[in-house]
Amino acid sequence: MADLFKKTGSFIPDKLLAGNEFPFLVQGVSLADSQGTVKRGTLIGIVSEKGYLTGSTVSEETVGVSGIMTDDVDTSTLGEDHIATMYITGLFNPDALVLAEGASLDTYKDDMKKLGIFTKAVQTY
């Protein structure tokens, strides 16, 4: 007989999603090596077909926004494909978004809107 009550995981609300007024679309992305653990909610930009943290610098170019990570991904293993998914549209809590150190969300809000990524403050209880 199957064990129907086996614990397979847990859900911890992170308040990343701020509403369903706008559709959430997801796309695959291959993350670059050596970025540590890229957390759910991190803004990601694409440079030379690899995903990097928005606000970081790659080949003297500041990385823009292409999407928002859907899950945590460890990129510390060198030479491996770090396949992940990112939201490319939706409504998100600005307090739950993660950028490269020193980067500001205000810098990227206009670019995010052009992609269909919007922010709305979420009240905490």
Side-chain angles (χ1 to χ4, degrees):
M1 179 178 260
D3 184 1
L4 299 178
F5 298 102
K6 179 179 172 185
K7 183 176 179 178
T8 59
S10 62
F11 173 72
I12 301 170
D14 59 7
K15 296 184 177 77
L16 175 62
L17 308 180
N20 61 359
E21 293 93 342
F22 200 81
F24 290 96
L25 298 178
V26 178
Q27 173 181 307
V29 62
S30 178
L31 299 176
D33 289 337
S34 304
Q35 298 185 89
T37 299
V38 180
K39 296 289 196 180
R40 171 178 160 81
T42 300
L43 272 70
I44 294 294
I46 307 295
V47 176
S48 301
E49 298 182 15
K50 292 285 185 182
Y52 293 89
L53 274 68
T54 295
S56 61
T57 304
V58 177
S59 302
E60 299 179 18
E61 174 186 342
T62 302
V63 178
V65 177
S66 298
I68 298 172
M69 291 296 298
T70 61
D71 299 291
D72 296 351
V73 177
D74 182 9
T75 64
S76 59
T77 309
L78 298 178
E80 252 184 48
D81 285 338
H82 307 290
I83 305 301
T85 54
M86 64 181 178
Y87 295 108
I88 56 172
T89 64
L91 184 59
F92 300 91
N93 176 5
D95 294 333
L97 298 177
V98 179
L99 289 87
E101 190 172 322
S104 168
L105 185 61
D106 291 336
T107 305
Y108 301 99
K109 277 193 173 181
D110 288 339
D111 293 336
M112 292 166 58
K113 287 178 184 177
K114 291 176 187 174
L115 295 172
I117 298 174
F118 300 95
T119 59
K120 177 174 96 173
V122 173
Q123 183 175 0
T124 57
Y125 294 97

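Along the sequence shown, the residues carry numbers beginning at 1. Just so it is clear, the model here is predicted, and its values are computed rather than measured.
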Quick check: closest heavy atoms across [X] and [Y], and the distance to 0.1 Å?
{"X": "Tyr52", "Y": "Gln35", "answer": "CA-OE1, 3.4 Å"}
{"X": "Ile88", "Y": "Ile117", "answer": "O-CG1, 3.6 Å"}
{"X": "Gly64", "Y": "Thr54", "answer": "O-OG1, 2.9 Å"}
{"X": "Met69", "Y": "Leu16", "answer": "O-CD2, 4.2 Å"}
{"X": "Leu105", "Y": "Met112", "answer": "CD1-SD, 3.7 Å"}
{"X": "Ser56", "Y": "Ala100", "answer": "N-CB, 3.6 Å"}

Kindly say whether [Y] contributes a backbone atom to a donor-acceptor pair with the side chain of [X] at under 3.5 angstrom?
{"X": "Thr89", "Y": "Pro23", "result": "yes"}
{"X": "Thr62", "Y": "Gly55", "result": "no"}
{"X": "His82", "Y": "Thr77", "result": "yes"}
{"X": "Thr75", "Y": "Gly36", "result": "yes"}

Could you tell me the separation between the [atom1] atom of [X] and the [atom2] atom of [Y], rounded to the nearest 0.5 Å?
{"X": "Leu115", "Y": "Ser66", "atom1": "CG", "atom2": "OG", "answer": "7.0 Å"}
{"X": "Thr42", "Y": "Arg40", "atom1": "OG1", "atom2": "CZ", "answer": "10.5 Å"}
{"X": "Leu91", "Y": "Thr119", "atom1": "CG", "atom2": "OG1", "answer": "7.5 Å"}

Under a single-linkage definition using a 4.5 Å side-chain heavy-atom cutoff for Ile, Leu, Val, Met, Phe, Trp and Tyr, are [X] and [Y] assigned to the same hydrophobic cluster?
{"X": "Val73", "Y": "Tyr87", "result": "no"}
{"X": "Val47", "Y": "Val65", "result": "no"}
{"X": "Leu17", "Y": "Leu99", "result": "yes"}
{"X": "Val26", "Y": "Leu31", "result": "no"}

Under a 4.0 Å threshold between the charged nitrogen and the carboxylate oxygen, would Lys39 count as salt-bridged to Asp72?
yes
Please examine the side chains of [Y] and [X], heavy atoms only from C-beta on, and report whether any two atoms are closer than 4.5 Å.
{"X": "Ile68", "Y": "Leu43", "result": "yes"}
{"X": "Asp71", "Y": "Thr85", "result": "yes"}
{"X": "Asp33", "Y": "Lys50", "result": "no"}
{"X": "Lys15", "Y": "Asp95", "result": "no"}

Option from Val29, Val98, Leu53, Asp74 for which side chain to side chain contact (heavy atoms under 4.5 Å, CB included) with Val38 holds
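Exactly one pass, corresponding to Leu53.
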So, do Phe22 and Phe92 have ring centers that fall under 6.0 Å from each other?
no
Would you indicate whether Glu21, at its atom CD, is surrounded by more than 12 heavy atoms from other residues, nucleotides or ligands within a distance under 6.0 Å?
yes
